[in-house]
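Worksheet: the structure to be examined is printed underneath.
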Protein chains: 2
Amino acid sequence: MSTDQARPLRADAARNRARLLDAAEEVFTARGTGVRTEEVAKAAGVGVGTLFRHFPTKEALLQAVLVRRMERLGQEAERLRGELGPGEAFLAFFALVVDASPSKNEFADALAAAGVDVREATQEAGKVVLQAVAELLADAQRAGRVRPDLGVPEVTALMVGASRALEHLDPQDGPARRRAVEVVLAGLGAG
Amino acid sequence: MSTDQARPLRADAARNRARLLDAAEEVFTARGTGVRTEEVAKAAGVGVGTLFRHFPTKEALLQAVLVRRMERLGQEAERLRGELGPGEAFLAFFALVVDASPSKNEFADALAAAGVDVREATQEAGKVVLQAVAELLADAQRAGRVRPDLGVPEVTALMVGASRALEHLDPQDGPARRRAVEVVLAGLGAG
DNA sequence: CTAGAATCGGACTGGCGACTCCGGTTACGA
DNA sequence: TCGTAACCGGAGTCGCCAGTCCGATTCTAG
């Protein structure tokens with residue numbers, strides 16, 4: 001219902017759209033969601049008019065970036081599930097999320113602050129990720145690597161929480177960061 | 001160096017200042033840090049002029065509220081340390097922070113987004129809390145209730161992380177929330 | 001190669017909200 | 001009780017930034 005492309009979009013338009021998405025992700029990640037839309041347009045080598053034609057609202061742009069991230073995350077999860085054993089796949093995914101989240105959190109916050117129901121906005125992509133997490137978690141629990149009483153909501157919440165925790169630690173202090181993550185993993189029962 | 005009161009502030013001024021602080025805490029907590037300063041003034045039964053005389057900036061107001069919270073938290077920690085045994089005091093404090101944080105997080109985020117170095121801004125009050133956490137943690141570790149390799153930074157980060165995790169869980173779903181916190185506590189070695 | 005439809009760019013607008021200003025009010029020392 | 005220094009209130013100012021508009025500039029079908 002959202003990405004209908006009745007006509008396949010002119011070549012330059014498609015290119016600009018992609019550039020905008022990339023630039024937005026980069027700029028917002030590096031300097032926060034507060035930066036002017038003009039800056040994003042400039043980073044994409046495009047005028048603001050073009051930006052707003054593709055994304056009617058700053059919020060819509062944020063949302064698009066967030067959705068794309070989640071889609072990528074879902075794909076990663078599937079990949080890991082195929083490549084690694086049940087315990088390892090879960091751990092690897094956890095680590096992936098914890099590393100990738102610091103900025104995603106900000107996006108979600110900004111959208112929530114703008115009065116957007118993030119759940120609903122990312123529903124489509126969210127389903128995929130949740131599905132992947134559910135599979136990863138079930139595998140790990142079946143293999144006895146994770147407490148059996150935990151559900152997907154708690155686990156995802158803990159992933160976000162862990163990534164948030166790391167935001168408060170010195171980026172240079174690797175050992176401390178490792179210890180913090182370790183605490184959560186230990187608590188999950190994944191020694 | 002900040003709360004110098006050369007002259008002791010006229011009675012009405014002091015009262016208004018206190019009301020503003022209370023109103024700000026209430027309003028910002030209930031409706032987010034995005035609400036207009038005018039609303040805060042109204043809630044305090046005061047004009048915006050008065051608000052800005054006491055706090056030259058919205059940001060300064062936010063900061064003042066945050067500092068006051070941290071001071072209270074520090075006092076709570078001391079109290080708990082006096083009243084409970086080493087393990088229990090630590091757990092109780094952890095629970096306290098996790099419950100009290102959801103809004104404090106927002107404050108801190110807002111300040112950070114405004115380009116304020118939160119560390120520096122809350123330094124005075126922060127020291128007290130950190131000191132208290134350090135004592136609580138040392139007690140708990142001495143009593144064998146917490147992994148001995150953890151430092152204050154990791155523990156505080158995990159407290160914040162845990163509170164953030166709860167933000168992503170259904171407020172109605174008590175059991176899930178409890179399980180999530182339990183995971184972190186178990187990981188700390190305080191099962 | 002050409003028409004003309006689709007897209008581009010960036011100056012401009014409109015609204016919002018933090019902060020100022022000053023005439024009126026109030027607390028408090030003598 | 002009175003004078004005055006300190007404080008109050010809220011209408012108005014000012015800067016900022018999301019979003020619009022339209023002449024200029026491509027793309028692509030034929």
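Chain identifiers are assigned alphabetically (A, B, ...) following the order of the sequence lines, protein sequences preceding nucleic acid strands; residue numbering begins at 1 within each chain. As the structure is a computational prediction, the values presented were derived from the model and not from experiment.
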Under a 3.5 Å threshold, yes or no: a donor from one side chain and an acceptor from the other, between A:Q131 and A:E135?
yes
Assuming nearest nucleotide by heavy-atom distance, tell me which of B:R15 and A:H54 is located more 5' along DNA chain C.
A:H54
Has A:T50 got a side-chain N or O lying under 4.0 Å from the OP1 or OP2 atom of C:dG9?
yes
Within the structure provided, determine whether A:F90 and A:D139 are in side-chain contact (heavy-atom separation under 4.5 Å).
no
In whole angstroms, the gap separating P of C:dG9 from NZ of A:K42 amounts to 14 Å
Nearest whole Å is fine: how far is D:dA18 C1' from A:R36 CZ?
11 Å
So which nucleotide from D:dC27, C:dG9, D:dG9 ends up closest to the side chain of A:R53?
C:dG9
Using a cut-off of strictly less than 4.0 Å, decide whether A:N16 has a side-chain nitrogen or oxygen near OP1 or OP2 of C:dC8.
yes
Shortest side-chain distance from A:R10, nucleotide among C:dA27, D:dT26, D:dA18:
D:dT26
Got a salt bridge between A:R79 and A:E76, using NZ or NE/NH1/NH2 to carboxylate O under 4.0 Å?
yes
Just the rounded figure in Å: distance from P of D:dC8 to CZ of B:R19.
11 Å
For B:R177 and B:L166 the tightest heavy-atom approach is NH1-O, 3.3 Å
Side chain of B:F52, heavy atoms from C-beta onward: which of C:dA18, C:dG10, D:dT28 has the nearest atom to it?
C:dA18
The nucleotide from D:dC27, D:dG9, D:dA18 with an atom nearest the side chain of A:K58 is D:dA18
